[in-house]
Amino acid sequence: MGKYSIVDLFAGVGGLSYGFSQLDEFTIVMANEIEKDISKAYSLNHPGVNMINCDINDLTEDVIKQAIGDQIIDIVVGGPPCQSYSTLGKRQMDDRANLFMQYKRILSIIKPRAFVFENVTGILSMDGGKLFKNVQREFAELGYELKYQVLNALDYGVPQVRERVILVGFLGENKFEYPVPTHGDGKSPYVTLREAIGDLPVIGSGESNNSYMTDPTNDFLKFVRKDGFTVATEHSAPKNGAHLIKIMQTLKDGQSKDDLPEDIRPKSGYGNTYAKLWWDRPSTTITRNFACPSSSRCIHPRDSRAMSIREGARLQSFPDDYQFYGADGMKRLEIGNAVPPLLSVAIAKQMLKAMEEK
């Protein structure tokens, strides 16, 4: 049993839990997730955690007490669904935009020493900046001293540009220090697509192959293929129509629909739709639609096809033995909405240092 007990709210598939689960000093006691299939995926990877599959509005004090017993909870982690805040979405001040108040309600019940609140950067500009100020005001009302910073997963070894707001609160003095980037200028080079997924076999539209092409050749591959995992599960390319296949095969590295000949160029879509990723650069931010070329820049640069579930998981830095659950669309949702495990490792290590400060 670790020294510090944790509850994970809006837990998703467990990306934020991952970092804490890797450190012996932490024990994740309870998690909450509304989607049934996603809660099952969480439990496959964190079987020792008491998963409460319900709407957070139904997570009453009695339900929480039943789940955690007499445990004192030291840290609450989690991030409410980000669709309302995302600059890619409709940015509505709807019920989901105010789910942070449910997070506050749980904090007031559990009274942890510290919390980690994660969300998309769009929350900073929502409602002219008023929403995030309100979030901070509400959490400060409970006695928490707050710090926040935007972290880019790219800076911590994740092969993807992915910025997230990390708000940390401590009762009393907040000694949390944000993790220093390990990758970038003057540090380890950013991890590219070639380095992150180049060991996965060449497949075409509608094909699958679960054999690795090479041994792990870099630190990222050694991380995702740890424990000698021998099979590349979930490596199947979606089957697309002949016209889309022709578009994907015509595009060169990093090109988008505007670079296509007029006779096959799609008439609609934003500039980054029907676009290839760069083989020797990190990925752009992936979403649940990472296998849908008409949705965002996500065409495989080497194989000229839509991305497999395994490739999406790699771009988030999920180890190859991490399990996803449900139909393929649900698995992509689980991956696209997650906190990248390598980012959560960096955050967890810093939380441990702050907790150990006397």
S.K.: Answer whether the closest heavy-atom distance between the side chains of H183 and P189 falls below 4.5 Å.
M.R.: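 Heavy-atom side-chain distance check fails, nothing below 4.5 Å.
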S.K.: Can you list the steps and then say if F132 with Y148 is a ring pair (Phe, Tyr, Trp, His ring centres under 6.0 Å)?
M.R.: CA-CA 11 Å; F132 191 64; Y148 79 91; 4.8 Å; yes
S.K.: So does K147 get a backbone contact from the side chain of Y178, meaning a donor-acceptor N/O pair under 3.5 Å?
M.R.: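 Yes.
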S.K.: Verify, without hydrogens or angle tests, whether R113 (side chain) and G172 (backbone) share a donor-acceptor contact under 3.5 angstrom.
M.R.: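 Here the side-chain-to-backbone pair does not exist.
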S.K.: Heavy atoms, side chains only, cut-off 4.5 Å: are Y4 and M351 in contact?
M.R.: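 Not in contact.
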S.K.: Take atom NZ in K349; do more than 12 heavy atoms of anything else shown fall under 6.0 Å from it?
M.R.: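 No - once you tally the heavy atoms of other residues, nucleotides and ligands closer than 6.0 Å, there are 12 at most.
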S.K.: Would you check if P340 and R162 make a side-chain contact, meaning some heavy-atom pair closer than 4.5 Å?
M.R.: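 Result yes, sub-4.5 Å side-chain heavy-atom pair found.
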S.K.: Cluster question for you: counting only ILVMFWY and a side-chain heavy-atom cut-off of under 4.5 Å, with indirect links fine, are L44 and V224 together?
M.R.: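 No; tracing contacts between hydrophobic side chains, which count when under 4.5 Å, never links both residues.
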S.K.: Run the numbers on D199 and R225 for salt bridge (Lys or Arg N to Asp or Glu O under 4.0 Å), then give the verdict.
M.R.: CA-CA 11 Å; D199 65 322; R225 287 173 58 176; 2.7 Å; yes
S.K.: Kindly indicate whether the side chain of M307, heavy atoms from C-beta on, has any atom under 4.5 Å from the side chain of L315.
M.R.: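 Result yes, sub-4.5 Å side-chain heavy-atom pair found.
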S.K.: Is there a donor-acceptor contact under 3.5 Å from the side chain of T27 to the main chain of V29?
M.R.: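 Flag not set: sc T27 to bb V29 has no pair under 3.5 Å.
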S.K.: In Å and rounded to the nearest 0.5 Å, what is the CG to CD distance from L167 to E118?
M.R.: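 It comes to 11.0 Å.
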S.K.: Could you tell me how the ring of F20 sits relative to the ring of F26: parallel (under 30°), tilted (30 to 60°) or perpendicular (over 60°)?
M.R.: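 The arrangement is perpendicular - the two ring planes meet at more than 60°.
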S.K.: Counting only heavy atoms not in Q22, do more than 12 sit closer than 6.0 Å to its CD atom?
M.R.: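 Enclosed.
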S.K.: Between E138 and Y144, do the side chains contain a donor N or O and an acceptor N or O under 3.5 Å apart?
M.R.: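 Checked: Y144/E138 side chains show no N/O donor-acceptor pair below 3.5 Å.
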S.K.: List the steps, then state whether salt bridge (Lys or Arg N to Asp or Glu O under 4.0 Å) holds for R194 with D280.
M.R.: CA-CA 6 Å; R194 183 193 296 272; D280 288 308; 2.6 Å; yes
S.K.: Which pair of non-hydrogen atoms, one from L193 and one from W278, has the smallest distance, and what is that distance?
M.R.: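 It is CB-O, 3.7 Å.
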S.K.: For residues L59 and V77: do they belong to one hydrophobic cluster (side chain heavy atoms under 4.5 Å, members Ile, Leu, Val, Met, Phe, Trp, Tyr)?
M.R.: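 Hydrophobic grouping puts L59 with V77.
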S.K.: Taking everything shown except D185 itself, do over 12 heavy atoms lie less than 6.0 Å from its CG?
M.R.: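 Incorrect, the count does not exceed 12.
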S.K.: Quick check: do I335 and F290 have side-chain heavy atoms less than 4.5 Å from each other?
M.R.: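 They are in side-chain contact.
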S.K.: Could you state whether I64 and V49 fall into the same hydrophobic cluster, counting links through intermediate Ile, Leu, Val, Met, Phe, Trp or Tyr residues with side-chain heavy atoms under 4.5 angstrom apart?
M.R.: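 Linked, I64 and V49 end up in one cluster.
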S.K.: Take R314 and D320 through the salt bridge (Lys or Arg N to Asp or Glu O under 4.0 Å) test and state the conclusion after the steps.
M.R.: CA-CA 8 Å; R314 284 276 187 93; D320 284 4; 2.8 Å; yes
S.K.: Using the ring of each side chain (for Trp, its six-membered ring), is F318 parallel, tilted or perpendicular to Y322, with breaks at 30° and 60°?
M.R.: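 Rings of F318 and Y322: tilted, 30 to 60°.
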S.K.: Evaluate the criterion side-chain contact (heavy atoms from CB on, under 4.5 Å) for residue pair L151 and E163; output intermediate values, then yes/no.
M.R.: CA-CA 6 Å; L151 299 184; E163 290 189 326; over 6 Å; no
S.K.: Heavy-atom distance under 4.5 Å between the side chains of Y325 and I38, does that happen here?
M.R.: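 SC-SC contact between Y325 and I38 ruled out.
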S.K.: Are side-chain N/O atoms of R164 and T121 paired as donor and acceptor at under 3.5 Å?
M.R.: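 R164 vs T121: no donor-acceptor pair found between side chains.
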S.K.: Around D70, counting heavy atoms of other residues, nucleotides and ligands shown, do more than 12 lie under 6.0 Å from its CG?
M.R.: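 Open: at most 12 neighbouring heavy atoms sit under 6.0 Å from CG of D70.
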S.K.: Give a yes or no answer on whether the side chain of S236 reaches the backbone of S208 with a donor-acceptor pair at less than 3.5 Å.
M.R.: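 The answer is no, because no donor-acceptor pair under 3.5 Å joins these two groups.
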S.K.: Please check if the distance between the ring centroids of Y103 and F117 is under 6.0 Å.
M.R.: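 Y103 vs F117: aromatic centres under 6.0 Å.
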S.K.: Please examine the side chains of P201 and Y212, heavy atoms only from C-beta on, and report whether any two atoms are closer than 4.5 Å.
M.R.: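 They are not in side-chain contact.
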S.K.: Does this structure show an ion pair linking E334 with R288, if we count only N-O contacts that are shorter than 4.0 Å?
M.R.: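 No, E334 and R288 are not salt-bridged.
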S.K.: Restricting to non-hydrogen atoms, name the atom on L251 and the atom on I299 that form the minimum distance, rounded to 0.1 Å.
M.R.: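 Here L251 and I299 meet closest at CD1-CD1, 3.7 Å.
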S.K.: Between the side chains of N53 and E33, is a donor N or O closer than 3.5 angstrom to an acceptor N or O?
M.R.: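 Short answer, no.
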S.K.: For P341 and Y18, which heavy atoms make the closest approach, and how far apart are they?
M.R.: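 Between these two residues, the closest heavy atoms are CB-CD2, 3.6 Å.
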S.K.: Cluster question for you: counting only ILVMFWY and a side-chain heavy-atom cut-off of under 4.5 Å, with indirect links fine, are F176 and I6 together?
M.R.: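 Yes; I6 is reachable from F176 via cluster members.
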S.K.: Does any donor atom in the side chain of S17 or Y42 lie under 3.5 Å from an acceptor atom in the other side chain?
M.R.: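 Yes, because at least one side-chain N or O of S17 sits under 3.5 Å from a partner of the opposite role on Y42.
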S.K.: With salt bridge (Lys or Arg N to Asp or Glu O under 4.0 Å) as the criterion, how do E177 and K353 come out once you've worked through the C-alpha distance, each side chain's angles and the decisive distance to 0.1 Å?
M.R.: CA-CA 8 Å; E177 293 183 6; K353 285 183 186 175; over 6 Å; no
S.K.: Between L171 and V168, is there a shared hydrophobic cluster once you connect ILVMFWY residues whose side-chain heavy atoms come closer than 4.5 Å?
M.R.: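 Yes, it is one cluster - the side chains of L171 and V168 are joined through contacts under 4.5 Å.
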S.K.: For the ring pair F139 and F115, is the centre-to-centre distance below 6.0 Å?
M.R.: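 Yes, they do, as the ring centres are separated by less than 6.0 Å.
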S.K.: Report the residue from K276, K252, Q249, K246 that forms a side-chain hydrogen bond (donor to acceptor under 3.5 Å, both in side chains) with S304.
M.R.: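 Among K276, K252, Q249, K246, the one that satisfies the side-chain hydrogen bond (donor to acceptor under 3.5 Å, both in side chains) with S304 is K276.
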S.K.: Can any side-chain N or O of S256 pair as donor or acceptor with the backbone N or O of T273 at less than 3.5 Å?
M.R.: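 No: the side chain of S256 does not pair with the backbone of T273.
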S.K.: Determine, step by step, whether I197 and H300 satisfy the side-chain contact (heavy atoms from CB on, under 4.5 Å) criterion, reporting the C-alpha distance in whole Å, the side-chain angles of both residues, the deciding distance to 0.1 Å, and the verdict.
M.R.: CA-CA 10 Å; I197 63 175; H300 194 295; 3.7 Å; yes
S.K.: Could you tell me whether the side chain of D74 and the main chain of S5 form a donor-acceptor pair under 3.5 Å?
M.R.: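 Pair found, side chain donor or acceptor close to backbone of S5.
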S.K.: Look at the side chain of R310 and the backbone N and O of T233, then say whether any donor-acceptor pair between them is shorter than 3.5 Å.
M.R.: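 Side chain of R310 to backbone of T233, a donor-acceptor pair under 3.5 Å: yes, one is there.
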S.K.: Compare every heavy atom of A196 with every heavy atom of L221, then report the nearest pair and how far apart it is.
M.R.: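 Scanning both residues completely, I find the closest heavy atoms to be CD2-O, 3.5 Å.
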S.K.: Can you check whether M355 reaches I75 side chain to side chain, under 4.5 Å on heavy atoms?
M.R.: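 Touching, per the 4.5 Å side-chain cut-off.
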S.K.: Between D55 and N57, is there a donor-acceptor pair closer than 3.5 Å when you use the side chain of the first and the backbone of the second?
M.R.: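 Yes.
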S.K.: With a 3.5 Å cut-off and no angle check, do the side chains of T60 and K65 form a donor-acceptor pair?
M.R.: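 No.
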S.K.: Minimum heavy-atom separation for S211 to N209, with atom names?
M.R.: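 Nearest pair, atom of S211 first, then N209: N-OD1, 3.0 Å.
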S.K.: Looking at every non-hydrogen atom in both residues, tell me the closest pair between I52 and N32 and how far apart they are.
M.R.: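 So the two residues come closest at O-ND2, 2.9 Å.
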